[in-house]
Amino acid sequence: MTSTLAQSPAPAPTTHDVTNQPPPSTPYDASDDTALLEGLRREGAGWAEGDLRRLGVLAGGPVPQEWAELANRHEPELRTHDRYGHRVDEVDFHPAWHELMRVAVAEGLAAAPWADDRPGAHVARTAGGLVWGHTEAGHGCPTSMTYAAVPALRRQPDLAKVYEPLLTSRVYEPGLRVPTDKRGLLAGMGMTEKQGGSDVRTNTTTATPTAEGGVYTLRGHKWFTSAPMCDVFLVLAQAPGGLSCFLVPRVLPDGTRNTFRIQRLKDKLGNRSNASSEPEFDATVAWLVGPEGQGVKTIIEMVNCTRLDCVMMSAALMRKTLVEAGHHVRHRSAFGARLLDQPLMRNVLADLALESEAATTLTLRLAGAADRAVRGDAGEGAFRRIATAVGKYWVTKRGPAFTAEALECLGGNGYVEDSGMPRHYREAPLLSIWEGSGNVNALDVLRALTREPATADALFGELALAQGADARLDAAVGRLRSRLGEATQAGARRLVEQMALTLQASLLVRYAPPAVADAFCASRLGGDWGYAFGTLPDGADLDGILGRALPGGA
């Protein structure tokens, strides 16, 4: 006998109806950023706008966003030996990592600008990084180091002649082979050691000359060498004439493996898609780059490049998390209204938008200075020297607080890994640590002011371009001048913070709409601000700020 109960349709589930949840944020256009596009044109790279917009659509698409998630979920794995016991020191990556790298290199985000004679080429690369940074940050490490390696390598023209065309290539070709047999190369760096960190002059790795001119053998242990799968590395070691810079290929010209024993990969807070390692050198063949004893001088141009990229990636993280927060609050309601329409939430978002625009605008100004400096503009070179260190200190310091606040806009939804926000939050502190912590950069600013007076002149020359436009800015410039004569190591952070805020304000006063410039000056310079984001003064034009900042308007 058939049961009539068994034949009845199952009741529709009612306990898991999904309401009041935002739709997926993808696809979106990661280049849909007014401040970014205005800065691109202003700094001489308007010719790259079409490519940037195309890259922005790709970056915000579901496939690259999935690559980003997969590359971080499936972390790189170290294989020290093959099945037969031979030492191989290989690092295996998920295919998604290689897809991200392929696009980044093809789009010129590695060293391509050094082979591009167009004014603004370095600005275009930085803008591309701001856009492609909406995917994930880990693969930006090898592209950044490859970019930075070229000016250092140029101090040894015979080596640059061989390697520069391959480093500036737009072809991504992974795998360890003879470098000159490949269509494109990546470069890494081996600077720090366990006993010194940023104090590289205490390095103990030794470099012993061989009978062949310019060729040495290295012996020692490096502490934090990122991207060990790169083809060549710039390494610091103690030669007979003092600390010197060397080029170390993973594979030698005869096809044999150079000694590059990877002891372990770092288990890091963030940046987990990227491998960071501790390699040991033992009779490792290396070529001298620049004169003996001038290792720090040789790599200083490299530091300027990687510091700019730290600022760029912090600004990219800010923008990415602001976009995610804005998307969430546009589609989520609470207490009878959309979150975006709640006055307090609008204050938080507007405050974040100010911080993001200031970071993006400063990043592109630094990129413009770098572009003009490498083309021989001494004034821009002096400005770049001090402003990059100032920007590196401040923008990367703001990153963790910014991403935490953006995450909080999503509430509990932002605290789960599926949202992507925890990954961004873990990434943010790295940019303040990499290429010199906050203290290192603050002390570098003091060093520049003391040893290179032209840097202070360049900074105040830049600030003077906004003179008279805002009384609060004029007062801040005056305070900054008075503090320079009292600069001490203990007060270095406060001085550099004041430099950064004054510089950002001057750029916004000159280039941003009144709503943005006024709110920034009132809060960051005028003191009409609290201790957390979302404390802009009552008179701030929140609608004007958000209408400019959020994709799709406010």
Side-chain angles (χ1 to χ4, degrees), residues 18-37 49-74 94-104 106-107 109 127-140 270-273 312-313 315-333 338-340 349 352-353 356 360 402-403 405-428 546 549-554:
V18 178
T19 61
N20 198 29
Q21 289 285 353
S25 60
T26 56
Y28 72 97
D29 180 358
S31 68
D32 186 11
D33 179 354
T34 303
L36 168 67
L37 297 174
E49 185 170 339
D51 285 339
L52 189 71
R53 298 306 297 258
R54 175 181 52 76
L55 183 61
V57 172
L58 178 63
V63 173
Q65 293 295 318
E66 179 71 9
W67 292 341
E69 182 182 341
L70 289 172
N72 282 271
R73 186 189 308 161
H74 304 282
H94 189 273
W97 164 274
H98 295 297
E99 291 296 330
L100 291 164
M101 287 295 303
R102 177 186 57 78
V103 173
E107 295 292 336
L109 305 186
L130 287 167
V131 166
W132 190 242
H134 281 237
T135 57
E136 74 94 39
H139 76 291
N271 202 248
R272 300 186 72 90
S273 70
M312 173 190 76
M313 282 308 305
L317 274 173
M318 289 182 186
R319 180 64 188 174
K320 168 63 173 176
T321 54
L322 175 64
V323 168
E324 294 292 342
H327 175 80
H328 180 86
V329 302
R330 178 177 281 114
H331 294 93
R332 180 86 162 175
S333 297
R338 287 191 312 166
L339 290 177
L340 181 58
L349 279 177
L352 291 174
S356 176
T360 297
F402 186 105
T403 52
E405 193 68 60
L407 182 155
E408 188 176 324
C409 290
L410 277 67
N413 289 339
Y415 203 69
V416 297
E417 291 291 338
D418 286 351
S419 72
M421 297 296 270
R423 170 162 57 86
H424 303 317
Y425 180 61
R426 289 191 297 269
E427 196 71 42
L546 291 174
L550 296 183

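Fair warning: this is a prediction, and the values are worked out from it, not measured in the lab.
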* **Donor-acceptor contact below 3.5 Å, side chain Asn72 vs main chain Ala68** => yes
* **Non-hydrogen atoms of Ala127 and Leu36 that approach each other most closely** => CB-CD1, 4.1 Å
* Asked: Would Thr403 and Met421 count as a side-chain contact (heavy atoms from CB on, under 4.5 Å) if you check the C-alpha gap in whole Å, the side-chain angles of each, and the deciding distance to 0.1 Å?
  -> CA-CA 8 Å; Thr403 52; Met421 297 296 270; over 6 Å; no
* Asked: Once you round to the nearest 0.5 Å, how far does OG1 of Thr321 lie from CZ of Phe402?
  -> 4.5 Å
* From CA spacing to verdict: side-chain contact (heavy atoms from CB on, under 4.5 Å), Leu70, Glu66 -> CA-CA 6 Å; Leu70 289 172; Glu66 179 71 9; 3.8 Å; yes
* Asked: Do the non-hydrogen side-chain atoms of Arg53 and Glu49 ever get within less than 4.5 Å of each other?
  -> yes
* Asked: Mind checking whether Trp97 and Arg102 have side chains closer than 4.5 Å, heavy atoms only?
  -> no
* Asked: Does some side-chain heavy atom of Pro64 sit less than 4.5 Å from a side-chain heavy atom of Leu58?
  -> yes
* Search all heavy atoms of Met313 against all heavy atoms of Ala137 and return the closest pair with its distance. => CE-CB, 3.5 Å
* Report yes if some heavy atom in the side chain of Leu52 is under 4.5 Å from a heavy atom in the side chain of Leu130; otherwise report no. => no
* **N/O donor-acceptor pair under 3.5 Å between His327 side chain and Pro23 backbone** => yes
* **Contact check, side chains of Arg338 and Val329, non-hydrogen atoms, under 4.5 Å** => no
* Asked: Between Arg423 and Glu427, is the closest basic N to carboxylate O distance under 4.0 Å?
  -> no
* Structure fact -> Between Gly61 and Pro27, the two heavy atoms sitting closest are CA-CB, 4.3 Å
* Structure fact -> Heavy atoms of Gly414 and Pro422 approach each other most closely as O-CD, 3.3 Å
* Asked: Is any side-chain heavy atom of Trp67 less than 4.5 Å from a side-chain heavy atom of Val103?
  -> yes
* Do Pro551 and Val323 have side-chain heavy atoms sitting under 4.5 Å apart? -> yes
* To do: Check for a donor-acceptor pair, side chain of Arg332 on one end and backbone N or O of Asn20 on the other, with a separation under 3.5 Å.
  => yes
* Would you call the rings of Trp132 and His139 parallel, tilted or perpendicular if under 30° counts as parallel and over 60° as perpendicular? -> perpendicular
* Should Glu136 and Lys320 be marked as a salt bridge (Lys or Arg N to Asp or Glu O under 4.0 Å) after you check the CA-CA gap, both sets of side-chain angles, and the distance that decides it? -> CA-CA 10 Å; Glu136 74 94 39; Lys320 168 63 173 176; over 6 Å; no
* Rounded distance [0.5 Å steps], OG in Ser25 versus NE2 in His331 -> 10.0 Å
* Straight-line distance of Thr135 OG1 to Glu69 CD, nearest 0.5 Å -> 13.0 Å
* **Glu405 side-chain N/O to Leu352 backbone N/O, donor-acceptor pair under 3.5 Å** => no
* Start with the C-alpha gap between Tyr28 and Gln65, add the side-chain angles, then the distance that decides, and say whether side-chain contact (heavy atoms from CB on, under 4.5 Å) holds. => CA-CA 11 Å; Tyr28 72 97; Gln65 293 295 318; 4.1 Å; yes
* For the side chain of Thr360 and the backbone of Ser356, is there at least one donor-acceptor N/O pair under 3.5 Å apart? -> yes
* Taking it one step at a time, do Asn413 and His328 satisfy side-chain contact (heavy atoms from CB on, under 4.5 Å)? -> CA-CA 9 Å; Asn413 289 339; His328 180 86; 3.5 Å; yes
* Polar side chain donor-acceptor pair, Glu324 to Ser419, under 3.5 angstrom -> no
* Asked: Crowded around Tyr425 OH? As in, over 12 foreign heavy atoms under 6.0 Å?
  -> no
* Which atoms form the tightest heavy-atom contact between Ala30 and Gly60, and what is the distance? -> CB-N, 4.4 Å
* From Ser31 atom OG to Asp51 atom CG, the distance as rounded to the nearest 0.5 Å -> 11.0 Å
* Does Glu107 reach the main-chain N or O of Leu109 with its side chain, forming a donor-acceptor pair under 3.5 Å? -> no
* How about Leu349 and Leu322: do any of their side-chain heavy atoms sit closer than 4.5 Å? -> yes
* Could you pull out the closest heavy-atom pair between Ser273 and Ala71, with the gap in Å? => CB-O, 3.3 Å
